[in-house]
Amino acid sequence: MNTPTTTSSLPLPGTRRAWVLAVTSGKGGVGKTFVSANTAAALARRGHRVLVLDADLGLANLDVVLNLHPKITLHDVFTGKATLDEAVLKAPGGFSVLLAGSGLVEYSRLTPEVREQLQRVVATLIPRYDYVLLDTGAGISDVVLYAISLADDVLVVATPEPTSLTDAYATIKVLATQQRRRLLHLAVNQVAKLGDGKVVAQQLQQVVDRFVSTPQGEAVKLSLAGDIPSDPSVREALQRRQLLFEALPGTAAAQAIAQLATRIEAAAPVSATA
Ligand SMILES: Nc1ncnc2c1ncn2[C@@H]1O[C@H](COP(=O)(O)OP(=O)(O)OP(=O)(O)O)[C@@H](O)[C@H]1O
Ligand SMILES: [Mg+2]
């Protein structure tokens, strides 16, 4: 939203274009991939065309969550061995995925080639979907920040743990200063009880208000997209190699994801991006 996307990704007047949302976090293992995959399924259930791009180029694991074993991955697209169409797979939740595969370690550094390839892939996807979710790696490496720079908006995933919040704060600060992001969406995952996310968001907002602004001195606002309870069904679905939203839709975590998807939809209605 605040970040210039590439010129080639700009839509022609009247053309539909996807809302690109980067799902990121400071700390690893907080649930980015879980949130990305299940939110994608929830948005697909609501009738949208959704694609999740495994933007964790070095340590991809979306394939594990979705139990997919792709023969063709982003690696082949990057090296020109396959077309983008050949690499796009149908995921169990009714959405599409572009998986990074495990051969992408050489792309974990932001070289001009990685920049160009990622930008080209995202620009090609934009006219074809309503929502494109970028499941990024943890941290604030160059590759992660570059992937985020291609997104219209960012969803920061954090848990209530102090280490996660400290790292989320660091990410928010970098995104405000380097990318001039004035609005960041927040998902608080693994809360002890629903409602805790609101307290966490308020605490984080207080720190952001005191210490973070854009280079132009603008305030940075966190918008709580939702909280998701810590729920044993998340691991159970993973162990069954099934998507929670599909396999156990009645569970507390799946229902929280459905709510989160509704808020995301409200933040970026498809009609508004048309
Ligand atoms: N709400 C939840 N309740 C219980 N377990 C959860 C919840 N969310 C995530 N987990 C578990 O936490 C672990 C990490 O989740 P996930 O792989 O989605 O994190 P990640 O942020 O993508 O990690 P990475 O930084 O390695 O990419 C998984 O084992 C997942 O099942
Ligand atoms: Mg992940």
Side-chain angles (χ1 to χ4, degrees), residues 21-42 51-68 73-74 91-93 95 97-102 104-105 107-108 133-141 143-145 147-148 151 154-161 163-168 170-172 185-197 200 224-261:
L21 179 71
V23 180
T24 196
S25 69
K27 189 170 159 17
V30 295
K32 294 178 294 296
T33 300
F34 160 70
V35 168
S36 301
N38 286 281
T39 302
L51 180 135
V52 183
L53 190 153
D54 200 347
D56 192 351
L57 299 182
L59 293 165
N61 61 4
L62 187 61
D63 50 341
V64 180
V65 171
L66 298 172
N67 200 19
L68 292 171
T73 65
L74 260 184
F95 58 96
V97 273
L98 254 178
L99 297 169
S102 52
L104 281 179
V105 181
Y107 298 120
S108 51
L133 306 185
L134 308 179
D135 177 16
T136 77
I140 44 174
S141 71
V143 177
V144 169
L145 289 175
I148 296 174
V154 186
L155 178 69
V156 178
V157 181
T159 72
E161 282 175 22
T163 48
S164 165
L165 291 178
T166 308
D167 291 357
T171 299
I172 290 163
H185 300 277
L186 180 71
V188 186
N189 190 23
Q190 302 188 32
V191 295
K193 61 174 194 319
L194 285 175
D196 286 358
V200 168
L224 182 63
D227 54 4
I228 305 148
S230 191
D231 185 338
S233 65
V234 175
R235 280 200 176 83
E236 193 188 320
L238 195 67
Q239 238 140 44
R240 284 157 58 172
R241 309 297 291 289
Q242 290 178 335
L243 203 60
L244 178 81
F245 196 77
E246 285 250 299
L248 302 161
T251 54
Q255 291 192 352
I257 287 280
Q259 284 219 351
L260 185 113

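When a ligand or atom number is given, it counts from 1 through the structure's own listing order.
Of all atoms in ligand 1, listed by their number and element, those nearer than 4.0 Å to a heavy atom of Arg235 are 5 (N), 11 (C), 12 (O), 29 (O), 31 (O). When each atom of ligand 1 is checked for a heavy atom of Pro229 under 4.0 Å away, the hits are 1 (N), 2 (C), 3 (N). Of all atoms in ligand 1, numbered sequentially from 1 with element shown, those under 4.0 Å from a heavy atom of Leu238 are 29 (O), 31 (O). Of all the atoms in ligand 1, the ones that sit under 4.0 Å from a non-hydrogen atom of Gly28 are 25 (O). Counting atoms of ligand 1 from 1 in the listed order, those under 4.0 Å from a heavy atom of Ala138 are 25 (O). With ligand atoms numbered from 1 in the order given, ligand 1 contributes 27 (O) to contacts under 4.0 Å with heavy atoms of Asp56. In summary, the atoms of ligand 1 found under 4.0 Å from a heavy atom of Phe34, numbered by their order in the structure, are 8 (N), 18 (O).
Side-chain contact between Pro92 and Asn67: absent, with no pair of heavy atoms (C-beta onward) separated by less than 4.5 Å. No side-chain heavy atom of Val30 sits under 4.5 Å from any side-chain heavy atom of Asn189.
Taking 4.0 Å as the cut-off, Ser233 does not count as a neighbour of ligand 1 on heavy-atom distance. Taking a 4.0 Å cut-off on heavy atoms, Gly29 registers as neighbouring ligand 1. Taking 4.0 Å as the cut-off, Ala253 does not count as a neighbour of ligand 1 on heavy-atom distance.
Among the atoms of Thr33, some N or O lies under 3.5 angstrom from an N or O of ligand 1. At least one N or O atom of Lys32 sits closer than 3.5 Å to an N or O atom of ligand 1. Here's the thing with Asp135: none of its N/O atoms is less than 3.5 angstrom from an N/O atom of ligand 1. Checked against a 3.5 angstrom limit, the closest N/O atoms of Val30 and ligand 1 fall inside it.
Remark: side-chain polar atoms of Asp167 are not paired, donor with acceptor, to backbone N or O of Ser164 under 3.5 angstrom. Although no hydrogens or angles enter the test, the distance criterion places a donor-acceptor pair under 3.5 Å between the side chain of Thr136 and the main chain of Val23. With hydrogens and angles disregarded, a donor-acceptor distance shorter than 3.5 Å links the side chain of Asn38 to the backbone of Phe245.
Which of Val157, Thr251, Val234 comes nearest to atom 2 (C) of ligand 1 through a heavy atom is settled by distance: it is Val234. In this structure, of Ser36, Ala37, Gly31, the residue bringing a heavy atom nearest to atom 15 (O) of ligand 1 is Gly31.
One finds the CD atom of Gln190 at 10.5 Å from the CG atom of Asp231 (value rounded to the nearest 0.5 Å). Considering CG of Asp227 and CG of Leu260, their distance stands at 9.0 Å, rounded to 0.5 Å. To the nearest 0.5 angstrom, Asp135 atom CG is 11.0 Å from Leu155 atom CG.
Every residue two or more places apart in sequence or in another chain was checked for a salt bridge (Lys or Arg N to Asp or Glu O under 4.0 Å) with Glu161, and none qualifies. For Leu238, the side chain to side chain contact (heavy atoms under 4.5 Å, CB included) partners are Val65, not counting sequence neighbours.
Residue-level proximity to ligand 1 for Val65 is absent, since no heavy atom of it falls below 4.0 angstrom. If you look at Ser25 next to ligand 1, there are no close heavy atoms at all, none under 4.0 Å.
The minimum heavy-atom distance between Ala247 and Gln242, with the atom names listed, is CB-OE1, 3.1 Å.
Residue contact annotation: Ser36 places no N/O/S atom under 2.8 Å from the Mg ion (ligand 2).
Of the listed residues (Asp56, Leu98, Leu68, Leu99), just one forms a side-chain contact (heavy atoms from CB on, under 4.5 Å) with Leu62, and that residue is Leu99.
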